[in-house]
Amino acid sequence: MSMRDTALRRPLAVTAVLGWIALTAAVAAAPEGPKLGKPLSPADIAAMDINVFPDGSGLPSGKGTALEGKAIYDAQCAACHGPKGTGGSAGELAGGSALDGPHPDQTVGNYWPYATTIFDFVRRSMPLNAPRSLSDDQVYAVTAYLLNINALIGETAEMNAKTLPEVHLPNREGFVRIWPNSH
Amino acid sequence: MIGAKKGYRTMTEDHPLTDDHLQSVAGGGLLDRRLFLRQSLAFGTGTGLLLAGMDATGAELPAWQKTPGAPFSNYGQPSPHEKEAIRWVSANSGAPGNGISWTPLHKLEGMITPNGLHFERHHNGVPQINPDRHRLSLHGLFRNPVSFSVEDLLRYPLVSRICFVECGGNSNAGWHEEPIQTPVGYFHGLASCSEWTGIPLSTLLDEAGLQPDARWVIAEGADAAGMNISIPIEKALDDTLVALYQNGERIRPENGYPLRLILPGWEAVLNVKWLQRLQAAREPVMARNETSKYTELQPSGKARQFTFLMDAKSLITQPSPGYKLRGPGLYQISGLAWSGRGKVRKVEVSADGGKSWAEAALQEPVMSKSFTRFRLPWRWDGSPLVLKSRAIDETGYQQPERAALVAERGRNGYFHYNAIVSWAVAPDGSLSHVYA
C-alpha cells in the first residue's frame with residue numbers, strides 16, 4: 001500500500017495542470033440538458049446557504065460567550081454529550097488523551113482542526129431532537145462554551161464572525177491529505 | 001486442472017460425482033473453477049428426475065398445488081419463509097435515527113442488492129420528502145446560479161450504471177483486537193450494489209456555468225442533519241451522477257428520495273442523500289464529516305484525510321459464520337469482490353489458511369466499481385481448515401493481509417478496513433471468524 005502510494009505521487013504542479021485539462025474536457029463533454037434551471041437571486045442564496053468555511057466565510061452576524069453558552073449547553077446538549085462535554089452517550093467533546101497513544105477519544109480539543117466546523121455543524125444538525133432551532137447567537141455561545149471547556153478561550157471571550165476563525169485548534173496540522181496525491 | 005478434466009470425463013449418471021474423480025488445484029480441497037460449468041448438464045438431469053418422481057406419487061401433493069393461489073399484489077414482498085434475509089439495525093437507543101442497518105450479504109447471491117436490503121447510514125433519520133417541495137440549488141462559483149425542481153430533473157438525459165456503494169466505516173470490526181463473531185453481512189454489509197440511473201452531474205454544473213477556479217463542490221442533504229461534505233471537482237465532473245432511480249424504481253426514502261449523489265467507487269458519505277444544494281468553492285468546507293469523522297488516526301498521531309477511494313475487498317459469503325456444512329463432500333464457495341479503482345481482475349481463494357491459492361471463477365459481467373461475484377468448487381474432507389479470499393483489481397492493487405494493514409495503519413483508524421477475511425471451518429462443519 002505504501003509502495004503504491006509512493007508510485008502514484010506526482011509533483012503538485014503537474015497534478016494541477018492535468019486536473020485543469022481534465023476539468024475543462026469534462027465540462028465540454030457533458031451531455032446537454034434541456035436547461036430548465038431557474039435563476040437564483042442573491043437573496044435566495046443567502047436564505048439557504050449555511051456552509052461555514054475555515055476562513056470564516058459563511059459566518060452570520062451575531063455573537064456569544066462561553067458564559068452564555070453554558071446554560072444553553074446544559075439545557076440542550078448535556079443529556080447526550082454529558083456535563084462539560086464528557087461521559088455522555090454521544091461523542092466526547094472535551095479532553096482526550098494524546099493522539100499517538102492507545103485508543104484516544106477524538107474531541108474538539110485534541111482532534112478537530114477548525115473552530116468554524118463547530119459552528120457549521122451545531123447550527124445545521126444540533127440538537128438532534130430539534131435541529132435548526134438555535135439562533136445564531138445561541139450557536140456562537142455554544143461554540144464558545146465548547147472551546148472554553150477545552151481550555152482554548154476564556155469564558156468571557158466573545159465569539160463572532162471575526163473572532164471565531166482566529167481560534168487556532170491544537171490539531172490544525174494533524175491531518176495528511178490523501179486526495180489527490182496519494183489517492 | 002488436469003484432475004478436474006479427468007473428473008468431468010469420467011462422470012456419468014451411473015457414476016455420480018465422487019471424491020475419487022476430482023483432484024484439487026490447491027490445498028484444502030479447492031477444485032478447478034470451471035468444474036461446475038462443465039458438469040451443469042449432468043446435475044440438471046439428476047434434478048429433473050427427482051422432481052418427476054415427486055409428481056408421480058401424487059399422494060403427497062402440498063396444499064398450494066391443490067387450491068388456487070393468492071391474488072395479485074401491487075408491490076411484491078419476499079416469501080414469508082425468508083424472514084432472516086433482513087437488515088440488522090444498529091442505532092443509538094437515545095437517537096433511533098442515528099445509526100446504521102446492514103445488508104445481509106450472507107443471505108444474498110449474485111451482485112445486485114435488493115432495494116429493501118440496501119444498507120443505511122442516517123445521521124438523523126429518514127426524511128419523508130414531498131418531491132413537489134424539493135429543489136436542487138447550485139450556487140457559489142457559478143456564472144448562473146440556478147435551482148431545479150424534481151420534475152425538471154426528470155426531463156434531463158439519464159444514464160445508468162451498476163456500482164457498489166460502501167460506507168467508509170464498513171468492516172471496521174476488523175480493527176478490533178479479537179475477531180468479531182457475527183454473520184458476514186453484519187460485519188461487512190455496509191456495502192451494497194445497485195443499478196443507479198441519473199443525470200451526469202457535469203450536465204448540471206455546465207448549465208450553471210461552473211467557474212474555472214472552483215476546486216470543490218460542497219453537497220448538502222435535506223435531512224434533519226443537513227449533512228454536508230466537500231467533493232473534489234475532478235470527481236464531480238468525472239462519473240458522478242445525480243441519481244433518481246435505483247434498480248429501476250425511484251430511489252426509496254432511506255436511500256435518498258427524491259435524489260442523491262452517486263460517486264462510483266468513493267466512500268458512501270460523499271454520496272449525499274436527499275441532495276438539495278451544491279456550492280462550488282475554492283476550498284473544502286471542512287465539515288464535521290470530513291474532519292472529526294471519516295478521517296483515520298494513524299499510530300503517528302496524524303490522521304489520513306480525504307481518503308475517498310474504497311480499496312479492493314473480497315469476502316466469502318458461502319459458507320460463512322452462521323452456516324454449518326453438512327458433512328464432507330462437494331460445496332461451492334461463493335463470495336463478493338469489489339474495488340473503487342476499477343474492475344476486479346482476479347479473486348483467489350485459499351482453503352489452507354493462505355499457504356496455497358486457487359483462482360475463482362468471476363461471474364460475468366465484471367464491471368468497474370461494481371460488486372463482482374466469484375465462485376469456486378470445493379471438496380471438504382471434514383478436517384479443520386481456514387478459508388480466505390483475496391481480490392486483485394485491474395490496477396494491480398492486491399487486498400492486504402490483516403497483519404500488513406494493521407502494521408501500516410495501526411488500529412485506531414476506524415475507517416477503510418479492507419484486509420483479507422478468514423473463516424475457520426471446524427470438524428463439525430461450523431464456521432467462525434479468525435485472524436489467520
Side-chain angles (χ1 to χ4, degrees), chain A residues 1-2 4 19-20 22-24 26-27 29-40 44-45 48-55 58 79-80 89-91 98-100 102-104 106 108 111-114 116-118 120-121 124-125 128-129 131-132 171 174-180 183, chain B residues 92 94-95 98 123-124 137-139 144-148 152 155-157 159 199-200 202-208 210 212 218 220 224-226 228 232-234 237-238 277 279 281 283 285-288 291-292 295 297 299-309 397 400 404-405 408 412:
Chain A
M1 285 164 294
S2 348
R4 170 172 191 88
W20 169 239
L23 191 157
T24 314
V27 173
E32 190 178 337
K35 296 195 166 32
L36 302 174
K38 303 204 172 31
L40 285 170
D44 294 334
I45 295 167
M48 69 175 74
D49 182 9
I50 55 168
N51 284 329
V52 174
F53 289 74
D55 66 1
C80 296
S89 61
L99 291 175
D100 57 359
H103 309 298
Q106 293 162 229
V108 169
Y111 194 69
W112 290 43
Y114 298 101
T116 50
T117 306
I118 307 170
D120 178 273
F121 182 66
R124 69 177 56 248
S125 302
L128 213 56
N129 61 346
R132 306 298 296 272
N171 200 39
F175 294 82
V176 179
R177 291 191 184 195
I178 302 303
W179 166 268
H183 211 244
Chain B
N92 182 336
N98 184 12
H123 294 85
N124 200 2
S137 300
L138 279 65
H139 69 95
N144 318 302
V146 286
S147 78
F148 303 91
D152 291 339
R155 253 186 68 188
Y156 275 65
V159 295
I199 306 158
S202 57
T203 294
L204 303 182
L205 299 179
D206 189 31
E207 177 173 339
L210 183 69
I218 292 95
E220 178 186 81
N228 64 337
I233 200 70
E234 291 85 349
L237 289 170
D238 179 16
R277 193 160 68 91
Q279 178 180 12
E283 298 290 338
V285 72
M286 295 296 182
R288 179 250 199 182
T291 54
S292 84
T295 50
L297 185 57
S300 64
K302 298 280 187 186
R304 291 159 55 90
Q305 185 184 30
F306 302 141
T307 48
F308 301 132
L309 258 175
Y397 176 92
L405 186 67
E408 179 173 312
N412 291 336

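Chain A is the first sequence line, chain B the second, and so forth, proteins listed ahead of strands; every chain is numbered from 1.
- Comparing B:Pro299, B:Pro157, B:Gly226, B:Pro145 by how many heavy-atom pairs each has under 4.5 Å with chain A, the most go to B:Pro145.
- Distance check, rounded to the nearest 0.5 Å: CD1 of A:Ile50 to CG of B:Asn228 gives 7.0 Å.
- Contact tally against chain B (heavy-atom pairs below 4.5 Å) for A:Pro34, A:Pro131, A:Gly174, A:Pro31: the top residue is A:Pro34.
- Top candidate by heavy-atom pairs under 4.5 Å with chain A, chosen from B:Ala95, B:Ser137, B:Gly94, is B:Ser137.
- Partners of B:Arg288 by salt bridge (charged side-chain N to carboxylate O under 4.0 Å, His left out), not counting sequence neighbours: none found.
- Without hydrogens or angle criteria, B:Tyr156 side chain to A:Glu32 main chain gives no donor-acceptor distance under 3.5 Å.
- Contacts between A:Asp55 and chain B at a heavy-atom distance below 4.5 Å are absent for every atom of the residue.
- Note that CD of A:Gln106 is 6.5 Å distant from OG1 of B:Thr295, once rounded to the nearest 0.5 Å.
- B:Phe306 meets the ring pair (Phe, Tyr, Trp, His ring centres under 6.0 Å) test with B:Trp216, B:Phe308; sequence neighbours excluded.
- Residue with the most contacts toward chain B among A:Leu99, A:Leu40, A:Asp100: A:Leu40 (heavy-atom pairs, distance under 4.5 Å).
- With hydrogens and angles ignored, the 3.5 Å screen pairs no side-chain donor or acceptor of B:Ser292 with any backbone N or O of A:Trp112.
- With a 4.5 angstrom heavy-atom cutoff, B:Leu204 does not touch chain A via any of its atoms.
- For B:Arg277, the part lying near chain A is the side chain, with the backbone staying farther off; criterion is any non-hydrogen pair under 4.5 Å.
- Between the A:Asp120 side chain and the B:Ala287 main chain, no donor and acceptor come within less than 3.5 Å of each other.
- Put simply, the side chain of B:Glu207 gets close to the backbone of A:Gly37: a donor and an acceptor are under 3.5 Å apart.
- In terms of non-hydrogen atom pairs under 4.5 Å with chain A, the most contact-rich of B:Ala208, B:Pro232, B:Ser300 is B:Pro232.
- Residue A:Val108 does not touch chain B at all, counting heavy-atom pairs closer than 4.5 Å.
- Within the 4.5 angstrom heavy-atom criterion, only side-chain atoms of A:Ile45, from C-beta onward, approach chain B.
- Only the side chain of B:Pro200 comes within contact range of chain A, judged by heavy atoms closer than 4.5 Å.
- Contact annotation for B:Asn144: neither backbone nor side-chain heavy atoms come within less than 4.5 Å of a heavy atom of chain A.
- Only the side chain of B:Ala281 comes within contact range of chain A, with at least one heavy atom under 4.5 Å from a heavy atom of that chain.
- Between B:Asn124 and A:Ser125, every side-chain heavy-atom pair lies at or beyond the 4.5 Å cut-off.
- Of the inter-residue distances, the one linking B:Leu297 atom CG with A:Tyr111 atom OH reads 5.5 Å to the nearest 0.5 angstrom.
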Step-by-step side chain to side chain contact (heavy atoms under 4.5 Å, CB included) determination, B:Met286 to A:Phe175: CA-CA 12 Å; B:Met286 295 296 182; A:Phe175 294 82; over 6 Å; no
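- For the atom pair B:Glu220 CD and A:Asn51 CG, the distance stands at 6.0 Å (nearest 0.5 Å).
- The candidate with the highest count of non-hydrogen atom pairs below 4.5 Å against chain B, out of A:Asn171, A:Asp44, A:Asp49, is A:Asp49.
- Interatomic distance, CG of B:Asp152 versus NZ of A:Lys35, reported as 13.5 Å (0.5 Å rounding).
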